[in-house]
Structures are given as structure tokens and as C-alpha cells.
Amino acid sequence: METAQRLLATQRQIPADAETVSHQLMLRAGLIRQLASGVYTWLPTGLKVLRNIEQIVREEMDAAKAQEILMPGVQPAELWEETGRWDQFGPELLRFSDRHDRGFCLGPTHEEVITDLVRSEIRSYKQLPAIFYQIQTKFRDEIRPRFGVMRSREFIMKDAYSFHLDEKSLQETYEVMYQTYEKIFDRLGLEYRAVVADSGNIGGDTSHEFHVLAESGEDQIVFTNNGNFAANMEMVATQMPSAQRPSPEASIEKVSTPGKHSISEVSTFFSVSEDKTLKTLIVHGEKDSLVGIVLRGDHELNRVKAERLDKVRSPLKFASAEIISKELKCDVGSIGPVKLNIPVYADYSTSVMSDFICGANENGFHYKGVNWGRDLPEPDFVDLRNISQGEPSPGDNGPVKIARGIEVGHIFQLGTKYSESMKVSCLDENGKSITLIMGCYGIGISRIVAAAIEQNHDDRGIVWPKSIAPYDLAIVPINMHKSKRLYDSVMELYQQAKAAGFDVLLDNRKERPGVMFADMELLGIPHRIVLSDKALDAGTVEYKGRSDAESRDLPRDDILAFIRDRNDPD
RNA sequence: CGGGGCAUAGCGCAGCCUGGUAGCGCAUCUGCUUUGGGAGCAGAGGGGCGGGAGUUCGAAUCUCUCUGCCCCGACCA
């Protein structure tokens, strides 16, 4: 491919609307353009990356004996009514009517469609197990699309669905899919981790997420060095401490703490560490009630755990400052569990605290020397918090580490959630009708593009893993328009590289070198060859890998073999 | 949906407070010079200021009202 004939669409300036690195770089490198909120056009370069990812996914899915199909983006309401999701899904499901006033939606996922297909096509156990997949555009009317294609409304997903006669078969296929996902993310050249996950509203029991590790990731993942434990933060249980609560030594005392609101201010004021304080959060309960949630000062609330509590409204909603001051007669920074006349849940970790500090439910005052049982009733101690770095892991696998990740894959064991409501069965070898068991397996293809950039970039632009880079190799000639022999040499190398199977981008624009270098680096092309008259005399070319610190001169005749070796050292 | 912000040329912005008929940088086009890290000079084209209504002799500037987009919170690949 030659730059002069190609819509490179690179931009020098950072678009004002983009905040995250990947979003900025995708716009600047000319991969995408926004059409509407959460809706993007893929430009030629971006599409090449997308196709590279799709190809790897396709090859590995095919290798796992999954069969590719393509289902419609538009789906009839009746199917969704069968599973009850027409009502459950909420506004995220974009609904509309056709000219006959029949209800339709834009497919956010395809459990209903595939299940409908399978129930009419699969009749015998001999056709099972079966895995179907597609790579297709989905639409979810997200409340707030953001970060470019990281969370867009229209996006490209690989979704796969498996059907089984029994649980054992589902387990086997699930294991195959897990391994297939590992192969896919290995081939994509991304640093990732598989974690135990919450299955959310897709339904089912066992589920794993695959996260690309990146500082900017929205999810926290928890794992151990021995590799035997890895889970989404939402899922990591903390235990009731086994230690005995120390006996009270101090007596309760109300202390004036003017202007001290946050835990760090209060702990500094009292010259104690944050773990000697309690923080009390106020959330909405059922109906109009409020519920207090008490955590150790240095701990972080886990929303998913809080939502599971009987008295807490789901989804979790924090009480506003106005409601708190109206109902509790004090402001947010002064709340504590003592004489708090609403239901209170306290985290396990607070059960072994004594002589602690907490808000006095009066502006400008805190209590110190507070003790459970003596100064206030024992609350319900439950698991409410996020585990912290360095704490012992569940199952004795050593201390946990915490990293941030971007969820790019999710596999579920669905069980019979859809097959039951949609009555999918077939006959087993005894002629008995069996309700099929399902699994489903998603990969966010378009999100992977953004995640790969979040994980692999520098101050000059994208640094693509070589398997998904839009081009393998950039050829940058210096002053080609001035030298016929340079032109001939460049074109010869260009043809040779193409013949050798490289996807080559020849920068044949009449630009100054700096402009070409900057664009090729912004685009993140893994290998760059610079050709000049000077090097021609020496019989060399100048080579630089995208993440190399320095360029090097190599014999012209060896360059393609050199790059091939570098790509594939074996 | 709650909170905050923005909307002026392809991109980034100024002008708005104190109304007088739109400007800067980059990009684009032409010419000359230049050519190993986003060139220099000269010239050119391009918008009527998100839409609608109002106030006014006159509105990018003031008022009202829509709409779109971005950011922070609850959803998910």
C-alpha cells in the first residue's frame, strides 16, 4: 500500500473531545471517526486492525470446532418476550416498530436468536455438542458511551453459543473455550489475565472474564503470584477475622473536630492511623428508608456486595448530602454508627476493632474510645469491602495483588436459562426428550483495538503488537523524488517485501522526513526501513523497530530475512 | 437519569462581559526556496458563528427555547 493513494487521515493535534490515550491515538492515527455519540466509522487503517483481530479469533474458533454463522442485527420482540428479557432489559435495548407496528430491537446479544435456531434445527443428540459463533455488530444503548470504541453503543463482538446434552459436556466445551481464549489473547500479543467473574444479567453460574492489563482499566482484578487464584474484585470474598476483639481500654469521649470531615483529616487530627477509624456511608434502602454502611477507615466499599444485602436498594444509590442533613441532622463528614437510628451493616473487619474513632452525628464532633456492645449495639457484621493489596488470598494462595484491567472477553456457563424458557430440547439415545444446556462466549473485537493501544503506546503514538498491526513494515524513502536510482531501489525493495508476504506501507508522499517518521510512529508500524542515496552507496538500509531506541544500518540484501527472524525468532 | 462543561473553517482555539456584520495557529491549494525528525517566504480558497424564536436600526455577542457533544456517577464485550 502506498500512502499517497491511501486515506491516512493522521492528525497532528489532539482532538478536544477525547480524554483517554487510546481514544486520542485512534483519532490521531486515523483509525476511527465519530458519527454520533458511541457510534464510529472505521477508516481504512482502523479496519485493517479490526480484520487482523477478527482473523485470529476466527482461526482459533474454527480450530475449536465452532461453526461460523451470521445472525441478523434486527430481532423480533416476540423472541425476547419468550425469555422475559423484553421487559427485563431496560432502555439499553434499542426498540422500534416496523410499518406493521410489530416490535423489534437492535440486537445487543443473540441468545434468543441462536436458541430459536437450534430448537428448530437440532433434533438429535448425534448433532451435539454444537458450538456456533459469529462476528457481528451489536448495539447497546449505553447510558453513557465513553472512551471512543472502548465503550461504544455500536460495537463489534464475537459471540459464541454452545449446546449440550449434559453438564459434563458443557464443562468440557467450557474448558476448550477457556483454552481457545488463551490462545487468542496470546496470539494477539496482549498481556492479559483470566479471572473468576460475576455472571451479571446474562445469567448462569460459572463465568470467567479475560482482562487486558492496563493502568487505565475500569475493572480491578485480584490475583496471586502462584497463579491459582484470580478474580474480579467484585467477586473476592473477605473473611470474618479470627482474632479476638481487644477489650475496651478507653472510655467514650466526644471531641470537637471543627472542619475535619474526611478519614484522612480525622485520623491526622487524632494522630492515629486510618485503620483506627470508622467511616459510615449512607445508602438508600427499600422504599424511602436509609441504611448505614460501616467500614474501617482505610477500606473501600464493594458495591456488588452491598447490593446483595436485604435492606439495601439495588442498584446501590448513595444518599445525597441534602437527604443526609435532613434525615440525620448532620453532614456527610460527621456521621457515625453511635445512636444512628437506621439499620446498620458493618464490615467483618470492624468486628475486631475497639477504642475506635467515628463521627458523632453532630457537625464538628467525633467520638473517640468507642466500643461495640458497650457504646452501641453490635451491628450485623457482613462482607462489604474490597480486598486490599497484600491481604491473604482466599484458599491460602499467598498475598493478593491488585491490577487494573479492561474486560475484553467473557465466558459463561448458562445452564438452562434460555433453553428452558424457549423450550429447546432434543432426543437422547434412549429417545427421551432432554432440555439442552448452554454456554456462551463473548469477545469484544472493537474494544480489543482500544485495549491494545491502552496497553501499548508511547509518547509518539501506538506500538502495535505485530500480529494486529495495520502494516508489518513501513518503507520511508528520503528525497526519493530527486533520485531516479533511489526510486528504482525503493520500488524494488517494496515489491520484494510484498512478494515475501509482508503487508508494506510505502510512504511515497513528497514530504519531509520528519513528517513521514512522525506519521509512521503514530501509526505504530512495527518495523521501519529508511532508504536514502547515502545508504544506497553503502549497500545498506537503515532499520528501526517501533520500540527500538536506536536505528541500525543493515545490509540491504539481508533486511527482509532479518525482519522475518525478528518477528518469529524460532 | 442526576451533576458539571462545551458548541465559531477539516483540526485546535480567540472574539461574547462592554452588540456595529468574523479572526489566529495548524491543515488544504499555487509558486519559489528547502529536504535525515512535524520547514521558510509569498499568495489563495474555505465558515457567517449548532437549530428556532425574541429584543434591537443592527446579534457570534443580550434573552428564551430546543438539539448535539464531552466529562464525573449507576451498566457491560
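Numbered from 1 within each chain, the chains take letters A, B, ... in sequence-line order.
- In this structure, CG in A:L31 is found 10.5 Å from OG1 in A:T10, a value given to the nearest 0.5 Å.
- Counting distance only, with no hydrogens placed and no angle test, the side-chain atoms of A:R528 and the base atoms of B:rG37 include a donor-acceptor pair under 3.5 Å.
- Residue contacts shown for A:H481 include a base, since a base heavy atom lies under 4.0 Å away.
- Side-chain proximity of A:S37 to B:rA74, B:rC70, B:rU35: nearest is B:rC70.
- A salt bridge is defined here as a Lys NZ or Arg NE, NH1 or NH2 lying under 4.0 Å from an Asp or Glu carboxylate O, and A:R485 with A:D537 meets this definition.
- Distance OH/A:Y418 to CD/A:E112: 6.0 Å, rounded to 0.5 Å.
- Atom OH of residue A:Y543 and atom CZ of residue A:R552 lie 6.5 Å apart, to the nearest 0.5 angstrom.
- In this structure, of B:rC72, B:rC1, B:rA27, it is B:rC1 that holds the atom nearest to the side chain of A:I143.
- With sequence neighbours left out, A:L70 forms a side-chain contact (heavy atoms from CB on, under 4.5 Å) with A:Q134, A:Q136.
- In this structure B:rG73 sits in a base pair with B:rC1, meeting the Watson-Crick or G-U test at under 3.5 Å.
- Counting any heavy atom pair closer than 4.0 Å across all strands shown, A:A16 reaches sugar-phosphate atoms only and no base atom.
- If you check every strand for non-hydrogen atoms under 4.0 Å, A:V515 touches a base.
- Among the heavy atoms of the strands lying under 4.0 Å from A:K482 is at least one base atom, whether or not backbone atoms are also near.
- For B:rA7, the paired nucleotide is B:rU67, the pair qualifying as Watson-Crick or G-U wobble because both relevant distances are below 3.5 Å.
- Contacts of A:I443 with the nucleic acid, taken as non-hydrogen atoms under 4.0 Å apart, are absent.
- A:P15 comes within 4.0 angstrom of the backbone, heavy atoms only, and of no base.
- Scanning atom types as modelled, no donor and acceptor separated by under 3.5 angstrom connect the side chain of A:R146 and the base of B:rC72.
- Partners of A:K305 by salt bridge (Lys or Arg N to Asp or Glu O under 4.0 Å), not counting sequence neighbours, listed by chain and number: A:D383.
- Contact annotation for A:S483: no contact, since no heavy-atom pair falls under 4.0 Å across all strands.
- With B:rC71, B:rC13, B:rG36 as the candidates, the nucleotide lying closest to the side chain of A:S532 is B:rG36.
- Taking atom CG of residue A:N232 and atom C1' of nucleotide B:rC75, one finds them 14 Å apart after rounding to whole Å.
- Regarding A:E154, its CD atom lies at a distance of 16 Å from the C1' atom of B:rC76, rounded to whole Å.
- Spacing between B:rC62 and B:rG20 at atom C1', rounded to whole Å, works out to 15 Å.
- In this structure, B:rA60 forms no base pair with any nucleotide, since neither Watson-Crick nor G-U wobble geometry is met with both distances under 3.5 Å.
- The side chain of A:R144 places an N or O atom within less than 4.0 Å of a non-bridging phosphate oxygen (OP1 or OP2) of B:rC71.
- As rounded to the nearest Å, B:rU30 and B:rC13 have P atoms that lie 29 Å from one another.
- Nucleic acid contact for A:E521: base, since at least one base atom lies under 4.0 Å from a heavy atom of the residue.
- Between A:H208 and A:F412, the distance from one ring center to the other does not fall under 6.0 angstrom.
- Where A:Q11 and A:G442 meet RNA chain B, the nucleotide closest to each residue was compared, and A:Q11 sits on the side nearer the 5' end.
- Taking atom CG on A:D219 and atom P on B:rC76, their separation rounds to 11 Å, with Å as the unit.
- With B:rC75, B:rA74, B:rU35 as the candidates, the nucleotide lying closest to the side chain of A:N479 is B:rU35.
- Distances from the side chain of A:R140 to the nucleotides B:rC76, B:rC71, B:rC70 place B:rC76 closest.
- Distances were taken from every side-chain heavy atom of A:E407 (C-beta onward) to each of B:rC76, B:rG38, B:rC72; the shortest belongs to B:rC76.
- With hydrogens and angles ignored, a donor-acceptor pair under 3.5 angstrom links the side chain of A:Q13 to the base of B:rG25.
- Atom CG of A:D141 and atom CG of A:L106 lie 9.5 Å apart (nearest 0.5 Å).
- For the P atoms, the distance linking B:rG40 with B:rA27 amounts to 8 Å, nearest Å.
- Checking B:rU35, B:rG36, B:rC75 against every side-chain atom of A:E307, the shortest atom distance belongs to B:rC75.
- Looking at the side chain of A:P513, the nearest of the listed nucleotides B:rG36, B:rG38, B:rA74 is B:rG36.
- Straight-line distance between the C1' atoms of B:rG50 and B:rG5: roughly 16 Å, to the nearest whole Å.
- Put simply, CZ on A:R509 is 14 Å from C1' on B:rG37, counting in whole angstrom units.
- An aromatic stack links A:F155 and the base of B:rA77, using centre distance under 5.5 Å and interplanar angle under 30°.
- Counting to the nearest Å, the C1' atom of B:rC1 and the CD atom of A:E92 are 14 Å from each other.
- In this structure, A:N508 places its CG atom 21 Å from P of B:rU35, rounding to the nearest Å.
- Residue A:D519 contributes atom CG, which lies 15 Å from atom C1' of B:rA39 at whole-angstrom precision.
- Separating the P atom of B:rG46 from that of B:rA22 is a span of 13 Å, rounded to the nearest Å.
- With rounding to whole Å, A:I135 atom CD1 is found 13 Å from B:rA77 atom C1'.
- A donor-acceptor pair under 3.5 Å is formed between the side chain of A:D458 and the backbone N or O of A:G461.
- Across all strands shown, A:I14 has heavy atoms under 4.0 Å from sugar-phosphate atoms exclusively, and none from any base.
- Rounded to a whole angstrom, the distance from the P atom of B:rU61 to that of B:rU56 is 16 Å.
- In this structure B:rA22 sits in no base pair that meets the Watson-Crick or G-U test at under 3.5 Å.
- A salt bridge links A:E218 with A:R151; the closest basic N to acidic carboxylate O contact falls under 4.0 Å.
- A:E142 comes within 4.0 angstrom of a nucleotide base, judged by non-hydrogen atoms across all strands.
- Listed nucleotides: B:rG37, B:rC13, B:rA77. Nearest to the side chain of A:R151: B:rA77.
- Nearer the 5' end of RNA chain B, as judged by each residue's closest nucleotide, is the contact made by A:R460, out of A:R460 and A:H23.
- Across all strands shown, A:R33 has no heavy atoms under 4.0 Å from either base or sugar-phosphate atoms.
- For the C1' atoms, the distance from B:rC26 to B:rA39 is 14 Å, rounded to whole Å.
- Remark: the separation of the C1' atoms in B:rC75 and B:rG10 is 35 Å, to the nearest Å.
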